[in-house]
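Have a look at the structure below before the remarks.
Quantities reported herein were computed from a predicted structural model and do not represent experimental measurements.
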Amino acid sequence: MKKWDEIISYETFRYIDHTALHEFEGKPYTAMTSFAIDDAIATAVSNGASPPAFRLWKHPSTIVLGIPDGRLPFLDDGVAYLQEQGYRVIIRNSGGLAVALDEDVLNLSLVLPDVQHVSIHDAYEAMYHFVQHMFQDLTGEIEAYEIVGSYCPGDYDLSINGKKFAGISQRRIKEAAATQIYLDVRGNSQQRARHIQEFYRLSKRDESTKFVYPEVVPEVMGSLSDLLDHPLTVDDVKSRVYRALENLSEEIIVQEFSEQEKATFEKRYEQMLKRNERIDQR
């Protein structure tokens, strides 16, 4: 098993801040756009056309569903409820289940090459320890294990004192991996969870399903600001990401999207649109 800092340690990192975008390549900047962008970056990193990349992104009032959520028996009822609460709803192209995004949730995508030499587990470990490193001055109590009752539960739920503030997913394209994490920075975490709890109640009802969907317990969710008892903003956390990245690389560059990356984005965006055809994008 490789050490986490060996996995992330590269001479040059590409830094991409997409937290203030309103459109991208003429498309509305939604979570669908973000997943297509990550695929384009991962393809370029795999081909050696881009150095390893760290991308920061956020989206207002969005519920991102996982592929299994698309098979819920009464999905349309759950989606209609979320839209009534003011959420945009999309189905992503990677694993996991429903998560809530808004202006106080920061997403990070770590895109690394040559992942045939890096296990899925090691890539998760790298992101977990990177987050620990980001907040080492505030706490040494960030842990990774499944928080039962959380939304999108998994082995790499990040928590403090048993309350989850982040979840990690991973998508591999050719020789690259995009490890994605959402960080609940501040805001009403339990209200977010209550909306997802109601989504599952309406979407599943009492039907029996092969896939086991989570029984969401809002009380097991929390924001970093609350759990650390330290006021944080998305901008604060962005600064912490950059400083941590400086510690792990010799050079951080900003590189415009190449024509090939734009072409890949267009293709992947069309695939995202097709995946989401069944959801009315109000």
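- Summarising the geometry, atom CG belonging to Asp206 is positioned 9.5 Å from atom CZ belonging to Arg201; distances are rounded to the nearest 0.5 Å.
- Considering only heavy atoms from C-beta on, Arg240 comes within 4.5 Å of Leu138 through its side chain.
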Side-chain donor-acceptor pairs under 3.5 Å in residues 46-55, sequence neighbours left out?
| residue | atom | partner | partner atom | Å |
| --- | --- | --- | --- | --- |
| Ser46 | OG | Glu175 | N | 2.9 |
| Asn47 | ND2 | Thr43 | O | 3.2 |
| Ser50 | OG | Arg14 | NH1 | 2.9 |
| Arg55 | NE | His18 | ND1 | 2.9 |
| Arg55 | NH1 | Asp38 | OD1 | 2.9 |
| Arg55 | NH2 | His18 | ND1 | 3.4 |
| Arg55 | NH2 | Tyr29 | OH | 3.1 |
| Arg55 | NH2 | Ser34 | OG | 2.8 |

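- Tracing side-chain contacts under 4.5 Å through hydrophobic residues (I, L, V, M, F, W, Y), one reaches Leu273 starting from Ile37; they form part of the same cluster.
- Partners of Arg205 by salt bridge (Lys or Arg N to Asp or Glu O under 4.0 Å), not counting sequence neighbours, listed by chain and number: Asp77.
- The salt bridge (Lys or Arg N to Asp or Glu O under 4.0 Å) search around Asp235 returns Lys238, not counting sequence neighbours.
- Residues Asn107 and Leu101 are in side-chain contact: their nearest non-hydrogen atoms beyond the backbone lie under 4.5 Å apart.
- Residue Val118 is grouped with residue Ile120 when hydrophobic side chains (ILVMFWY) are merged at heavy-atom distances under 4.5 angstrom, including chains of intermediate members.
- Residues meeting the side chain to side chain contact (heavy atoms under 4.5 Å, CB included) test with Ser249, sequence neighbours left out: Phe13, Ile252.
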Atom pairs and distances, side-chain donor-acceptor, residues 21-28, under 3.5 Å, sequence neighbours left out:
| residue | atom | partner | partner atom | Å |
| --- | --- | --- | --- | --- |
| Lys27 | NZ | Glu266 | OE1 | 2.7 |
| Lys27 | NZ | Glu266 | OE2 | 3.0 |

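- For the residue pair Asp155 and Tyr124, no side-chain donor N or O sits within less than 3.5 Å of a side-chain acceptor on the partner.
- The hydrophobic cluster containing Ile173 does not contain Phe265, counting ILVMFWY residues as joined when their side-chain heavy atoms lie under 4.5 angstrom apart, directly or transitively.
- Among residues at least two apart or in separate chains, salt bridge (Lys or Arg N to Asp or Glu O under 4.0 Å) pairs with a member in residues 243-259 are Glu259-Lys262.
- Under the side chain to side chain contact (heavy atoms under 4.5 Å, CB included) criterion, Ala166 pairs with Leu158, Ile181, Leu183, not counting sequence neighbours.
- For residues 215-228, the side-chain hydrogen bond (donor to acceptor under 3.5 Å, both in side chains) pairs, not counting sequence neighbours, are Ser223-Asp226.
- Residue pairs meeting the ring-ring contact (aromatic ring centres under 6.0 Å, His included) criterion with at least one member in residues 157-188, sequence neighbours excluded, do not occur.
- Taking the side chain as every heavy atom from C-beta outward, Leu106 and Thr19 approach each other to under 4.5 Å.
- Counting only distance, with no hydrogens or angles, the side chain of Tyr213 and the backbone of Pro68 share a donor-acceptor pair below 3.5 Å.
- Between the side chains of Glu198 and His195, not a single donor N or O lies within less than 3.5 Å of an accepting N or O.
- Here the two rings, on Tyr242 and Tyr15, have centers that are under 6.0 Å apart.
- Considering only residues two or more places apart in sequence or on other chains, Phe74 meets the ring pair (Phe, Tyr, Trp, His ring centres under 6.0 Å) condition with none of them.
- In this pair, Phe35 and Trp57 present their aromatic rings perpendicular. The plane angle is above 60°, beyond the 30 to 60° band.
- Of all heavy-atom pairs between Gln197 and Val216, the closest is NE2-O, 2.9 Å.
- Residue pairs meeting the salt bridge (Lys or Arg N to Asp or Glu O under 4.0 Å) criterion with at least one member in residues 156-173, sequence neighbours excluded, are Asp39-Arg171, Asp157-Lys164.
- Heavy atoms from other residues, nucleotides or ligands lying under 6.0 Å from CG of Asp137 number more than 12.
- Side-chain atoms of Gln132 come within 3.5 Å of backbone N or O of Ile142 as a donor-acceptor pair.
- For Asp76, the salt bridge (Lys or Arg N to Asp or Glu O under 4.0 Å) test picks out Arg278, with sequence neighbours left out.
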